[in-house]
Amino acid sequence: MITHIISEAVKTLNNHGIVAIPTETVYGLAGNIYSEKAINSIFEAKKRPFFNPLIVHISSIDKLDEIAINIPDIAYTLANTFWPGPLTLVLDKHKNIPFLVTGGKNTVAVRVPNHTTTLALLNQLNFPLAAPSANIFGQLSPTCAAHIMDSFKPNTPLILDGGVCENGIESTIVGFENGQPVIYRFGAISLEDIENVIGKINKIIQKNRKLIAPGMLKKHYAPLTKLLVTNNICNKINEFKGLKVGLLLFDNKKVYDIPYQEILTTKGNLAEAASNLYACLHRLDSLGLDIIIAEKLPNKGLGVTINDRLTRGTKK
Ligand code: TXA
Ligand code: MG
């Protein structure tokens, strides 16, 4: 069911239920962090492995010390700069945070989302919300209510409709190792924007290293259709002649004679491209194509995040 009424979501969450909630990045599938029943339902609905920890959503930075301890100064600097917003911090967990939420880890991921509906919701609850993206594990993230309906049917959770997600791509995740910041997932805030605040970041956890943030799993954010990423669209079109091909293009500078096309931005704007990414992929994925050929984006700013998601979405 879809609702616009916050009190309906409050009621379900107070009764240990789960609700799909809007954020500025993607929709989350939310439950009371202290309710074992709610958290189990999230993992079950998403078919998500229990070792894969959830992000805790709070209404303001004032609540941070109920969630985490030993918070480094740089973490406060980042939180003060980017919250509410698409930045997730991984910090030492407060003893009250259940291990079910943190996948058994002593650290916890936390952020203040920048969406008026969800901030109002959080202000009406006596507990923070654990919310992974509201999709089946490994599949495309949802940026509107219809994506959630498609993903979970016939067992759709209650959806609190807050419109289309503005950033359209997941939060950037930053952790700390020996007091030094580490990027665990590229996201809606570019590396450059973070480095402008706290200086050069020397450590980025590479995708093939041991599982730290499962968003780092190689096959993730994947459409059901085979996807490949290339710098040379023409070559790939020739290679797959005879197949039903769809194109995901950065901009509309070059014209290709293919009927199924999505253009991420007509202005060469990376933020706009990010906000359209999942919606374009969802549409292409619904066409019964044999293959989606995606154009690699310029590797700077949010282009890095988009290329990361596209590469992880490819299937061998
Ligand atoms: O934008 C977002 O972050 C969205 C919205 C709903 O807030 N949420 C989201 O959640 O993308 P999810 O579960 O799809 O991705 C959360 C990522 C996972 O890759 C998870 O492994 C990582 O955060 N994570 C959570 N706790 C962690 C921890 N203690 N250490 C390292 N990574 C952690
Ligand atoms: Mg996810």
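A quick note: this is a predicted structure, and the numbers were derived from the prediction, not measured. Read the numbers this way: they start at 1 and go in the same order the structure lists the ligands and their atoms. Position 1 is the first residue of the sequence; numbering continues from there.
Of the residues listed (Ile39, Ile42, Leu54), the one engaging Leu100 in a side chain to side chain contact (heavy atoms under 4.5 Å, CB included) is Ile39, and it is the only one. Across His115, His57, Arg111, a single residue satisfies side-chain hydrogen bond (donor to acceptor under 3.5 Å, both in side chains) together with Thr23, and that is Arg111.
Note: an N/O pair closer than 3.5 Å links Asn52 and ligand 1 by distance alone. At least one N or O atom of His57, backbone or side chain, sits closer than 3.5 Å to an N or O atom of ligand 1. An N or O contact shorter than 3.5 Å is missing between Tyr184 and ligand 1 by distance. For ligand 1, the polar-atom distance check finds no N/O of Thr23 at less than 3.5 Å from any of the ligand's N/O atoms.
Every residue two or more places apart in sequence or in another chain was checked for a salt bridge (charged side-chain N to carboxylate O under 4.0 Å, His left out) with Glu8, and none qualifies.
Thr172 places a side-chain N or O within 3.5 Å of a backbone atom of Ile189 that can act as its donor or acceptor partner. Looking only at distances, no side-chain donor or acceptor of Thr118 sits under 3.5 Å from a matching main-chain atom of Asn114. Within the 3.5 Å criterion, the main-chain N or O of Gly187 finds a donor-acceptor partner in the side chain of Thr305. Side-chain N or O atoms of Lys236 include none that pairs as donor or acceptor with a backbone N or O of Val229 at under 3.5 Å. At distances below 3.5 Å, at least one donor-acceptor pair connects side-chain atoms of Tyr27 with backbone N or O atoms of Gly162. For Lys244 (side chain) and Leu287 (main-chain N/O), a donor-acceptor pair under 3.5 Å exists by modelled atom type.
Among protein atoms, those of element N, O or S found less than 2.8 Å away from the Mg ion (ligand 2) are Ser133 OG.
At a heavy-atom distance under 4.0 Å, atoms from both the backbone and the side chain of Thr107 approach ligand 1. Under 4.0 Å from ligand 1, not a single heavy atom of Lys46 appears. The proximity of Lys105 to ligand 1, defined as any non-hydrogen pair under 4.0 Å, is limited to the side chain. When heavy-atom distances to ligand 1 are checked against a 4.0 Å cut-off, Thr102 has no atom that comes that close, whether in backbone or side chain.
Using a 4.0 Å cut-off to heavy atoms of Ile173, the atoms of ligand 1 that qualify are 17 (C), 22 (C), 23 (O). Near Gly28, with a cut-off below 4.0 Å to any heavy atom, the atoms of ligand 1 are 6 (C). Near Arg48, with a cut-off below 4.0 Å to any heavy atom, the atoms of ligand 1 are 12 (P), 13 (O), 14 (O).
Ligand 1 lies out of reach of Lys93, whose nearest heavy atom is not under 4.0 Å from it.
Contact annotation: the side chain of Glu24 approaches that of Pro86 to within less than 4.5 Å [non-hydrogen atoms, C-beta and beyond].
For the residue pair Thr225 and Asp285, a side-chain donor N or O sits within less than 3.5 Å of a side-chain acceptor on the partner. Side-chain contact check for Glu170 and Ser141: at least one donor-acceptor pair (N or O, by modelled atom type) lies under 3.5 Å.
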